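None of these values were measured; they are calculated from a predicted model. Proteins get letters first, then strands, A, B, ... in listed order; numbering begins at 1 in each.
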Protein chains: 2
Amino acid sequence: MNKIFPNIGAERETDRLMFSLVHAAHEIERRYEEALSPEGLTGPKFAALSKLVQAGHPLGLGELADELTCVRSNITQLVDRLEADGLVVRTVDHADRRTVRAAVTEIGMQRQIAGAKQVEKLLDALSTSLSGMDLGAFERMLSCLQLEQGVCR
Amino acid sequence: MNKIFPNIGAERETDRLMFSLVHAAHEIERRYEEALSPEGLTGPKFAALSKLVQAGHPLGLGELADELTCVRSNITQLVDRLEADGLVVRTVDHADRRTVRAAVTEIGMQRQIAGAKQVEKLLDALSTSLSGMDLGAFERMLSCLQLEQGVCR
DNA sequence: CCTGCATTATTCATATATGAATAAAATCTT
DNA sequence: AAGATTTTATTCATATATGAATAATGCAGG
């Protein structure tokens with residue numbers, strides 16, 4: 001998603017709130033990338049590794065694209081980079097020769113664990129920031145915003 | 001920012017909340033892009049045009065980069081595309097010949113107005129979604145998350 | 001069995017973002 | 001004033017994202 005989301009014509013309180021929400025999310029993502037960076041990982045690389053580790057077996061690139069909700073060509077490139085880093089290898093599927101599967105390497109496994117530790121730390125810090133807050137109200141608000149039609153249930 | 005932000009190891013309520021927040025922001029940004037698309041604009045293009053219209057005079061590319069909180073090379077490319085669309089023109093600064101200023105064209109001005117109308121509609125819809133909610137609590141929560149050190153004031 | 005259709009991954013063109021290296025112009029220092 | 005430094009934008013390499021076009025394989029119906 002694009003970073004540039006300017007606070008243009010935000011006159012109502014709800015408008016300002018929307019901008020605050022987007023900016024807070026960007027800040028969280030920035031800190032997430034920052035946490036992974038010392039481990040030689042980026043957000044997308046860590047996400048892909050995590051899905052593969054979680055699955056426990058090599059995933060077809062299409063499956064991986066579905067898991068990460070992005071287009072297939074994106075995964076082709078991401079797996080190219082992960083392969084260049086030695087974190088995954090492409091394996092052929094003998095049952096369906098169209099399918100290419102991505103398998104985590106030993107190094108990839110270790111890297112994922114290291115990344116997960118950093119993310120855990122970040123979530124701890126964020127959790128501390130929110131201690132004592134009314135999380136229920138926050139959650140209800142977010143669930144309203146996530147609806148396609150913009151109607152709150 | 002990257003789109004891929006996987007819900008990995010989100011065990012606590014606050015963890016799930018962070019993912020909800022980021023996903024809600026992505027959904028808002030998706031709808032923002034969707035709103036601008038019929039006008040032939042993208043988020044970054046609209047943002048740059050808006051800053052230029054708001055300023056009321058041509059801005060140096062460095063100033064524009066500061067306003068949009070991104071690096072200068074990004075603005076060089078964005079202004080290339082805006083210029084190709086005929087929405088801005090580069091002008092030289094006779095006082096400082098290093099500086100290149102971006103000036104909105106008449107078409108650019110109209111396009112910005114059209115985009116602003118669509119964004120206004122989106123904000124109306126979001127505002128409606130949130131009617132009756134406790135915005136104060138939401139705001140306090142967001143302000144906690146935006147702090148660099150992760151400490152809530 | 002072949003033929004057309006669906007599915008898979010890749011390639012290509014493009015948009016957005018970053019940061020390092022470069023070039024040109026202005027400013028500061030002596 | 002000349003030389004060093006800073007400031008400006010651009011170029012280049014790279015990462016991430018999308019979507020259209022392509023190639024290879026699989027499958028279903030005649």
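- With respect to B:Glu34 and B:Arg31, no salt bridge is recorded, no charged nitrogen being found less than 4.0 Å from a carboxylate O.
- Taking every side-chain heavy atom of A:Arg90 into account, C:dT10 is the closest of C:dT10, C:dT8, D:dT16.
- Phosphate contact (OP1/OP2 of C:dT16, side-chain N/O of B:Asn74, threshold under 4.0 Å): absent.
- Distances from the side chain of A:Cys70 to the nucleotides C:dT16, C:dT10, D:dT18 place D:dT18 closest.
- The line from CG of A:Leu17 to CG of B:Leu130 is 7.0 Å long, rounded to the nearest 0.5 Å.
- In the set D:dC12, C:dA9, D:dT16, the nucleotide with an atom closest to the side chain of A:Thr76 is C:dA9.
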For a salt bridge (Lys or Arg N to Asp or Glu O under 4.0 Å) check, start with the C-alpha distance between A:Asp124 and B:Arg12, then their side-chain angles and the critical distance, and finish with the verdict.
CA-CA 10 Å; A:Asp124 282 350; B:Arg12 283 166 302 203; 2.6 Å; yes

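- Nucleotide D:dT16 holds its P atom 11 Å from the OH atom of A:Tyr32, rounded to whole Å.
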Derivation of the salt bridge (Lys or Arg N to Asp or Glu O under 4.0 Å) call for B:Asp66 and B:Arg72:
CA-CA 8 Å; B:Asp66 290 345; B:Arg72 298 168 116 109; 5.6 Å; no

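- Both B:Asp96 and A:Arg81 lie close to DNA chain D; mapped to their nearest nucleotides by heavy-atom distance, the more 5′-ward contact belongs to B:Asp96.
- A:His26 has its NE2 atom 11 Å from the P atom of C:dT18, to the nearest Å.
- Put simply, CG on A:Asp93 is 11 Å from P on C:dT8, counting in whole angstrom units.
- Between A:Arg30 and A:Glu27 there is a salt bridge, since at least one side-chain N of the basic residue sits less than 4.0 Å from a carboxylate O of the acidic one.
- In the set D:dT6, C:dT18, C:dT10, D:dT6 carries the atom at the smallest distance from any side-chain atom of B:Arg98.
- The side chain of A:Arg97 contributes no N or O atom lying less than 4.0 Å from OP1 or OP2 of D:dA23.
- Residue A:Arg72 places no side-chain N or O under 4.0 Å from the OP1 or OP2 atom of C:dT10.
- Across the protein-nucleic acid pair, A:Leu41 atom CG and D:dT16 atom C1' stand 15 Å apart, rounded to whole Å.
- As rounded to whole Å, 11 Å separates atom P of D:dA15 from atom CG of A:Asp80.
- Considering only side-chain N and O atoms, A:Arg30 lies nowhere under 4.0 angstrom from the phosphate OP1 or OP2 of C:dT18.
- Taking atom CD of residue A:Glu33 and atom P of nucleotide D:dT16, one finds them 8 Å apart after rounding to whole Å.
- Between A:Thr42 and the phosphate of D:dT16, there is a side-chain N or O to OP1/OP2 separation shorter than 4.0 Å.
- Nucleotides of DNA chain C nearest to A:Gln77 and A:Val100 differ in position, and the one nearer the 5' end is that of A:Val100.
- Comparing atom distances between the B:Leu61 side chain and each of C:dT16, C:dT10, D:dT10 picks out D:dT10 as nearest.
- Atom P of nucleotide C:dT16 and atom CG of B:Leu82 are separated by 8 Å, given to the nearest angstrom.
- Atoms CD (A:Glu34) and C1' (C:dT18) sit 15 Å apart, rounded to a whole Å.
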